[in-house]
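Written out below as structure tokens is the structure these notes cover.
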Amino acid sequence: MRSGVVVVGSLNMDFVVRTGHLPVAGETVLGHAFRTIPGGKGANQAVSAAKLAAGRMPVKMIGRVGLDAYGDRLKAGLAGAGVDVSAVGASRTQPTGVAFITVDQEGANQIVVAPGANADIQPGDAEAIRRVFRGAGVALFQLETPLEVVAAAMRIAREEGLLTILDPAPACPLPDGFLKDVDIVTPNETEAAALAGVGAEDPLECARRIASLGAGTVILKLGANGCFALSDGEGFHVPGFAVEAVDTTAAGDTFNGALAVALAEGTELREALRFANAAAAISVTREGAQPSVPTRAELDAFLSTHSAL
Ligand code: RIB
């Protein structure tokens, strides 16, 4: 029987500063204390999946770091959360990826990523990736590693019978046919607009346009408003949870890791989306990327005491 989640993606050390407001172009703002916090969309999703799987299934990460202290710290953090990092390689030429993150008083952020070793995964690594996929149930992808590697890995995941979930983040132009091996695509509002084009403000119309690009199920992540799904031709809204947002960094990643675990456990889609909305809601009440991900016990307690909006 298939079991577990495999994440193909980025690992970054996040350089985080909180400010009163986000700077506009040409503006300098004074910030508060500077912190380095483990992040990267791929690694965040792996930590989310591992903490929420709570040992019930294996979670593996495929990616690349540099031969440096940040890479060591990122791998150690993932392993501590329960992620198998044996397929996280080391680049001989590139440093570990970093992200420069500014967070304002409302918890909104701006992020600039220098990919470093994340850009050093090669399409030729794909066959090694196949071995990691074997026997797993769900594969998670994002767009902080080279598109040709993501495309090749999604095709192999499909061939190996995994459910494929793509977080099309950060938004970027995608080659024709890129979504053909995607079972579930999970854009946020910015990424959905980039995929659907102008004039698709209505969630159903937006999701239909994205589905027409080849993805099976479309999940629009709507932040505090939860998410909207288009699955088997039916569109439905799954409400979010009212919380006090402190930092929205990695909320979308927490959502995707949670969704993968719920689906890998055999949970039906609506309930899996409620689970993912709750995980994301908890994450925005905490600072940073990976430290903000709840444990399974915290999420179960939240769900038993909170109702969706
Ligand atoms: O999604 C949040 C993540 O985006 C951060 O952790 C940062 O590393 C960038 O990858």
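Every number for a ligand or one of its atoms is a count from 1 in the order of the listing. No hydrogens, no waters, no symmetry mates; every other heavy atom, side chains included, goes into these values.
The closest protein non-hydrogen atom to atom 2 (C) of ligand 1 is Asp253 OD2, 3.3 Å. Among all non-hydrogen protein atoms, the one lying nearest atom 3 (C) of ligand 1 is Asn44 ND2, 3.6 Å. For atom 4 (O) of ligand 1, the nearest protein heavy atom (residue, atom name, distance) is Lys41 NZ, 3.1 Å. At the top of the distance list for atom 9 (C) of ligand 1, counting protein heavy atoms only, stands Glu144 OE2, 3.4 Å. The nearest protein atom to atom 8 (O) of ligand 1, hydrogens excluded, is given as Asp14 OD1, 2.6 Å; this is a heavy-atom distance.
Exactly one residue among Arg64, Gln45, Gln142, Glu144 makes a side chain to side chain donor-acceptor pair (under 3.5 Å) with Ser10. That residue is Glu144. Phe241 pairs with exactly one of Phe275, Phe302, Phe255 by the ring-ring contact (aromatic ring centres under 6.0 Å, His included) rule, that one being Phe302.
Ligand 1 places these atoms under 4.0 Å from at least one heavy atom of Ala289: 6 (O). Proximity to Ala99 (heavy-atom distance under 4.0 Å) selects the following atoms of ligand 1: 7 (C), 8 (O). Listed by number with element, the atoms of ligand 1 under 4.0 angstrom from any heavy atom of Gly39 are 6 (O), 8 (O).
Pairs passing the salt bridge (charged side-chain N to carboxylate O under 4.0 Å, His left out) check and including a residue from residues 299-309, sequence neighbours excluded, read Arg296-Asp300. Applying the salt bridge (charged side-chain N to carboxylate O under 4.0 Å, His left out) rule to pairs touching residues 180-204 yields Arg158-Asp181, Arg158-Asp183, sequence neighbours excluded.
From Arg209, atom CZ reaches atom CG of Leu230 across 13.5 Å, with rounding to the nearest 0.5 Å.
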Original post:
Going through the checks in order, is the side-chain contact (heavy atoms from CB on, under 4.5 Å) test met by Arg18 and Val246?
Top reply: CA-CA 11 Å; Arg18 293 197 75 104; Val246 169; 3.9 Å; yes
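By the 4.0 Å N-to-carboxylate-O rule, Arg208 lies too far from Glu205 to be salt-bridged with it.
Judged by the shortest distance from any of its heavy atoms, Ser10 lies outside the 4.0 Å radius around the atoms of ligand 1.
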